[in-house]
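So the structure is just underneath, and the comments pick up after that.
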Amino acid sequence: QVHLVESGGGLVQPGGSLRLSCAASESIFSFEVMGWYRQPPGKQRELVASFRRWGSSNYADSVKDRFTISRDYAKNEIYLQMNSLRAEDTAVYYCNAFKDTTNFWGEGTLVTVSS
């Protein structure tokens, strides 16, 4: 069973920063794709950032130049550094991994951007 556990969410003021972490139960190399999704209140889940096993990172237009996805293969973790946060970034953020035709999801961590 694959487990993904997010952490690092919380309340932050507009313009502030947060770093989200996702700990995977197995090697990151085992996943074809990994990334971060988010679901704002009352909206559909949307892709924020992702990368393929041997590929580069991709970002939603709404977060380009503000968010950075990264990975630590030794720790089996991926991260999402979020800078210049805006109210519209408020959402539950989910870690995602894909392999063998199956998507795996974490439980999510809530990020609230408010003054």
Side-chain angles (χ1 to χ4, degrees):
Q1 182 75 25
V2 173
H3 297 285
L4 304 172
V5 181
E6 303 97 335
S7 62
L11 176 64
V12 63
Q13 293 185 330
S17 298
L18 284 175
R19 190 179 80 149
L20 305 183
S21 299
C22 172
S25 60
E26 62 186 71
S27 174
I28 291 174
F29 286 109
S30 71
F31 302 109
E32 180 181 344
V33 185
M34 293 193 74
W36 291 92
Y37 286 71
R38 69 185 182 186
Q39 187 167 19
K43 296 184 178 181
Q44 299 290 323
R45 186 177 299 185
E46 64 184 13
L47 177 66
V48 177
S50 66
F51 61 86
R52 291 188 171 272
R53 184 185 287 113
W54 307 110
S56 59
S57 302
N58 297 287
Y59 298 91
D61 288 341
S62 59
V63 307
K64 284 182 179 177
D65 303 318
R66 298 190 299 121
F67 292 10
T68 303
I69 190 170
S70 60
R71 53 197 127 170
D72 187 327
Y73 292 102
K75 294 183 177 180
N76 294 336
E77 294 183 344
I78 69 169
Y79 310 94
L80 185 68
Q81 178 66 47
M82 305 184 293
N83 299 324
S84 302
L85 284 162
R86 307 164 181 167
E88 53 263 41
D89 294 317
T90 295
V92 177
Y93 284 72
Y94 297 92
C95 184
N96 167 260
F98 176 83
K99 72 170 181 178
D100 301 330
T101 75
T102 302
N103 270 302
F104 302 94
W105 300 92
E107 292 295 321
T109 185
L110 177 63
V111 173
T112 302
V113 184
S114 177
S115 60

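The residue from Tyr94, Trp36, Tyr79 that alone fulfils the side chain to side chain contact (heavy atoms under 4.5 Å, CB included) condition with Leu20 is Trp36. Among the candidates Val111, Leu18, Leu110, the single residue satisfying the side chain to side chain contact (heavy atoms under 4.5 Å, CB included) test with Tyr93 is Val111.
Contact between Tyr73 and Arg53 at its shortest, heavy atoms only, is OH-O, 3.8 Å. Minimum interatomic distance between Ser84 and Ser17 (heavy atoms only, all atoms of both residues): N-OG, 4.3 Å. Closest of all the heavy-atom pairs between Pro14 and Ser115 is CD-N, 3.7 Å.
Rounded to the nearest 0.5 Å, atoms OG (Ser50) and CZ (Phe98) are 12.0 Å apart. A distance of 9.0 Å separates CG of Asp65 from OG1 of Thr68, quoted to the nearest 0.5 Å. Between Cys22 atom SG and Arg71 atom CZ the span is 13.0 Å, to the nearest 0.5 Å. For the atom pair Arg66 CZ and Leu85 CG, the distance stands at 6.5 Å (nearest 0.5 Å). The CG atom of Leu4 sits 8.5 Å away from the CD atom of Glu26 when rounded to the nearest 0.5 Å. Rounded to the nearest 0.5 Å, atoms CG (Leu80) and CZ (Arg19) are 10.5 Å apart.
Within a 6.0 Å radius of CZ in Arg52, other residues, nucleotides and ligands contribute 12 heavy atoms or fewer. The number of heavy atoms from other shown groups lying within 6.0 Å of CD (Gln44) does not exceed 12.
Looking at Ser57, its side chain never comes within 3.5 Å of a backbone N or O of Phe51 through a donor-acceptor pair. A donor-acceptor pair under 3.5 Å links the side-chain atoms of Thr109 to the main chain of Gly9, judged by distance alone. At distances below 3.5 Å, at least one donor-acceptor pair connects side-chain atoms of Glu6 with backbone N or O atoms of Glu107.
For Trp54 and Phe29, the ring centers are positioned less than 6.0 Å apart.
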TODO: Decide side chain to side chain contact (heavy atoms under 4.5 Å, CB included) for Val113 and Arg86; before the verdict, give the C-alpha distance in whole Å, the side-chain angles of both, and the deciding distance to 0.1 Å.
DONE: CA-CA 6 Å; Val113 184; Arg86 307 164 181 167; 5.5 Å; no

- [ ] Please report the C-alpha distance between Ser62 and Arg38 in whole Å, then the side-chain angles of each, then the deciding distance to 0.1 Å, and finally whether the side chain to side chain contact (heavy atoms under 4.5 Å, CB included) criterion is met.
- [x] CA-CA 12 Å; Ser62 59; Arg38 69 185 182 186; 3.5 Å; yes

Open item on the list: Before you tell me yes or no, could you show the steps for Ile78 and Cys95 under side chain to side chain contact (heavy atoms under 4.5 Å, CB included), namely the whole-Å CA-CA distance, both residues' side-chain angles and the distance that decides it to 0.1 Å?
Closed with: CA-CA 9 Å; Ile78 69 169; Cys95 184; 3.8 Å; yes

Open item on the list: Before you tell me yes or no, could you show the steps for Met82 and Asp89 under side chain to side chain contact (heavy atoms under 4.5 Å, CB included), namely the whole-Å CA-CA distance, both residues' side-chain angles and the distance that decides it to 0.1 Å?
Closed with: CA-CA 9 Å; Met82 305 184 293; Asp89 294 317; over 6 Å; no

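Cluster annotation: Val92 is not connected to Val5 through the hydrophobic network of ILVMFWY side chains, with a link wherever side-chain heavy atoms come within less than 4.5 Å. One hydrophobic cluster, built from ILVMFWY side chains closer than 4.5 Å, holds both Phe104 and Ile69.
Side-chain contact between Ser27 and Asn76 is present, with at least one heavy-atom pair separated by less than 4.5 Å.
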